[in-house]
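Notes follow once the structure below has been shown.
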Amino acid sequence: MTPPPRPHWLFGDQLGPHFLDPRHGGPDPGAPVLMIEARSVLRRRRFHRAKAHLILSAMRHRAAELGDRVTYLRTDTYAQGLAQAAEHRGAAAAHNRSTETDRERGRLTVCHPNSRRALDFVAARDDVEILPAKGFLVSHDHFAQWAGRGSGKGLRLEGFYRWVRERHDLLMDGDAPAGGRWNLDHDNREPPPRDHPTLDVRGPWRPREDAIDEEVRHDLDRWERDGDVSFVGRDGPRRFPVTRREALSALRGFVTHRLPDFGRYEDAMLAADPVMSHSLLSVPLNLGLLDPAECVERAERAYRAGDAPLNSVEGFVRQIAGWREYVWHLYWYFGEDYRHRNTLRHTEPLPDWFLDLDADAVTANCLSTVLAQVRDTGWTHHIPRLMVLGSRALQDGWDPAAVTDWFHRCFVDGYDWVMLPNVVGMSQYADGGLMTTKPYTSGGAYINRMSDLCAPCAYAPTHRTGARACPYTTGYWAFLHRHRSTLGTNPRTAQAVRGLDRLKDLPELLATRTQQRDTPP
């Protein structure tokens, strides 16, 4: 007699069909499904309201799709949910007079969780069996093999990205990269078109809310009124997919209408067009609704059919098959101690206006605009994250652990594995160069070149002193001055540090910077 399939637990970021696929180390065929909505998760942090709505909506939509196959529990903690599920399984086993072997097979299975906290929780239990991770192109074992090859070039993205391209035959013409170049970043750094407030492209796919969305919103309202949870930011209407069908529609819409123009303006910013040609697919990808393979393969088909230029497709493939995979694996590879890295010894607390997403308290137009985008949507693309929000934190010397937590809480696509390497390594240079070769920060000139945000600003990007001194310009030079000994020996930053010696107004600049730090920028 064939034993019954073991129940399988789905976390809220494992919602796509591939997480129930029995192939490649997946759950038993036809396994009954357990989902647990644990309120304690929302109490741990002051999450963005739109993020809480998005995740609960996605979980409840998935449960509705699974129907009688799923047991959906709303509990205070995961432990309580597992206890309830175990009682149900025990009662069923007793009723069916199952043997000890059958009851052993009744242990839950779960795909490798996407955070250390969740992994530690399930690994400590004897009633849960951890299956291999899904939702990524590269396995842990294969990444470890790549990382241990001893190339002498460190764990740099470029080497990993080329290895993934070759291994998965992505944008390859035989043994060579399509078009003869691996990296088309040089073609993807154009400033936005001048005198145009928005790009001339079709807007992104948008969902229609339904009864489940309304139910979640009512629950969030009630929990807030009861003082059970507290949120930041604004919620509604929902902007991102929460079902597989919606995610596929968003993917098709991006590849068909937006991918062709994505590349050249990938790093540009427009105040009235925060989305530009970006895909917004990080949200369904990180919920597990899309598999990265189908995203990059669909983009490559567009290139092969002549429907999208190579620079746009290569830029998108680099984001998904390069950076996303790279960040996921470094999160696990670097270990738990990585989150405590603080090479630059930055310890300043995050100011209240930043914690509360109070864009109206900020004078600098770039920062106010981007902070308002986060407040209203829980999302901005990678350049505002890095060169406006992250750069402000780096220049002001904010505690990188607190900055990581803020990005985790306030972005709808933010998870521990996403934000820890992105913030500690890429944004705040707190790991001392394990991920990147230099800190990523700039003066106002960069923001002025790559956006339309500076013209209406009360500050001037070229002013280093006085009332109109740009906080990013003064902050950039003050940052270099503060870390002169460290950055002066770095080949990527040594020339910039030498530029300090050419600033005849450096004392006045530093005095201006001191005055600026007493108020929001």
Side-chain angles (χ1 to χ4, degrees), residues 189 191-192 194 267-271 344-351 353-354 359-371 383-398 400 403 427-430 436-521:
R189 295 173 178 166
R194 301 302 175 184
D267 287 359
M269 298 175 281
L270 286 171
L344 298 178
R345 300 181 180 179
H346 286 176
T347 59
E348 290 294 318
L350 274 60
W353 56 265
F354 197 79
D360 296 333
V362 178
T363 301
N365 189 52
C366 62
L367 183 57
S368 177
T369 299
V370 172
L371 202 60
I383 293 300
R385 297 189 198 202
L386 180 66
M387 302 306 296
V388 177
L389 299 171
S391 183
R392 179 77 275 127
L394 183 65
Q395 291 180 2
D396 284 356
W398 297 348
V403 179
S427 172
Q428 300 303 295
Y429 199 67
T436 63
T437 56
K438 68 170 184 176
Y440 280 84
T441 187
S442 73
Y446 172 86
I447 298 173
N448 189 38
R449 182 171 69 253
M450 296 303 296
S451 77
D452 63 353
L453 295 166
C454 293
C457 187
Y459 304 117
T462 56
H463 287 214
R464 297 193 294 263
T465 63
R468 296 203 65 204
C470 172
Y472 282 87
T473 301
T474 60
Y476 172 73
W477 290 111
F479 171 77
L480 293 180
H481 175 75
R482 189 165 70 250
H483 297 291
R484 181 193 287 259
S485 60
T486 299
L487 302 179
T489 59
N490 183 332
R492 296 290 307 280
T493 55
Q495 183 175 353
V497 171
R498 288 193 293 270
L500 286 166
D501 297 330
R502 296 192 294 271
L503 296 183
K504 296 181 180 180
D505 57 355
L506 182 59
E508 293 81 5
L509 182 154
L510 297 176
T512 298
R513 182 65 183 150
T514 299
Q515 294 171 357
Q516 289 176 339
R517 296 187 65 157
D518 292 335
T519 58

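Quick caveat, the model's predicted, so the values are computed rather than measured.
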### Message
Evaluate N448 against Y472 for side chain to side chain contact (heavy atoms under 4.5 Å, CB included), listing each step before the verdict.
### Response
CA-CA 11 Å; N448 189 38; Y472 282 87; over 6 Å; no
Is [Y] close to [X] at the side-chain level, that is, under 4.5 Å between some pair of heavy atoms?
{"X": "R392", "Y": "P471", "value": "yes"}
{"X": "Y446", "Y": "P461", "value": "no"}
{"X": "Y476", "Y": "Q395", "value": "yes"}
{"X": "L506", "Y": "L510", "value": "yes"}
{"X": "P384", "Y": "M269", "value": "yes"}
{"X": "Y459", "Y": "T474", "value": "no"}
{"X": "T347", "Y": "W398", "value": "no"}

### Query
Mind checking whether H483 and H346 have parallel, tilted or perpendicular rings, split at 30° and 60°?
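Correct class here is tilted.
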Gap between atom [atom2] of [Y] and atom [atom1] of [X] - 0.5 Å precision:
{"X": "F479", "Y": "L344", "atom1": "CZ", "atom2": "CG", "value": "5.5 Å"}
{"X": "T519", "Y": "R517", "atom1": "OG1", "atom2": "CZ", "value": "11.5 Å"}
{"X": "I447", "Y": "D452", "atom1": "CD1", "atom2": "CG", "value": "12.0 Å"}
{"X": "N365", "Y": "C457", "atom1": "CG", "atom2": "SG", "value": "5.5 Å"}
{"X": "H481", "Y": "L500", "atom1": "NE2", "atom2": "CG", "value": "7.5 Å"}
{"X": "D505", "Y": "H463", "atom1": "CG", "atom2": "NE2", "value": "11.5 Å"}

Can you give me the closest heavy-atom contact between [X] and [Y], atom names plus distance?
{"X": "S391", "Y": "T441", "answer": "OG-OG1, 2.6 Å"}
{"X": "L487", "Y": "T493", "answer": "O-OG1, 2.6 Å"}
{"X": "S427", "Y": "G390", "answer": "OG-CA, 3.4 Å"}
{"X": "G444", "Y": "C454", "answer": "O-SG, 4.1 Å"}
{"X": "S442", "Y": "M387", "answer": "OG-CE, 3.6 Å"}
{"X": "G488", "Y": "A494", "answer": "O-CB, 3.4 Å"}

### Query
Which is it for W353 and L367 under the side chain to side chain contact (heavy atoms under 4.5 Å, CB included) test, yes or no, and what are the steps along the way?
CA-CA 11 Å; W353 56 265; L367 183 57; 3.7 Å; yes
### Message
When you measure from the side chain of E508 to the backbone of T465, do you find a donor-acceptor pair of N or O atoms at a distance under 3.5 Å?
### Response
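Checking the backbone N and O of T465 against the side chain of E508, no donor-acceptor pair under 3.5 Å is found.
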### Query
So, does T473 use its side chain to make a donor-acceptor pair with the main chain of A469 at under 3.5 Å?
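Side chain of T473 to backbone of A469, a donor-acceptor pair under 3.5 Å: no, none is there.
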### Query
Strictly by modelled atom types, are R513 and Q516 linked by a side-chain donor-acceptor pair under 3.5 Å?
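Present: a donor and an acceptor within the cut-off.
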### Query
Does any donor atom in the side chain of R492 or T437 lie under 3.5 Å from an acceptor atom in the other side chain?
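Judged by distance alone, the side chains do pair up.
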### Test salt bridge (Lys or Arg N to Asp or Glu O under 4.0 Å) applied to D501 - qualifying residues, sequence neighbours left out
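Partners of D501 by the salt bridge (Lys or Arg N to Asp or Glu O under 4.0 Å) criterion, ordered by chain and then number, come out as R484.
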### Query
When you look at L389 and L371, which way does the side chain to side chain contact (heavy atoms under 4.5 Å, CB included) test go after all the steps?
CA-CA 8 Å; L389 299 171; L371 202 60; 4.2 Å; yes
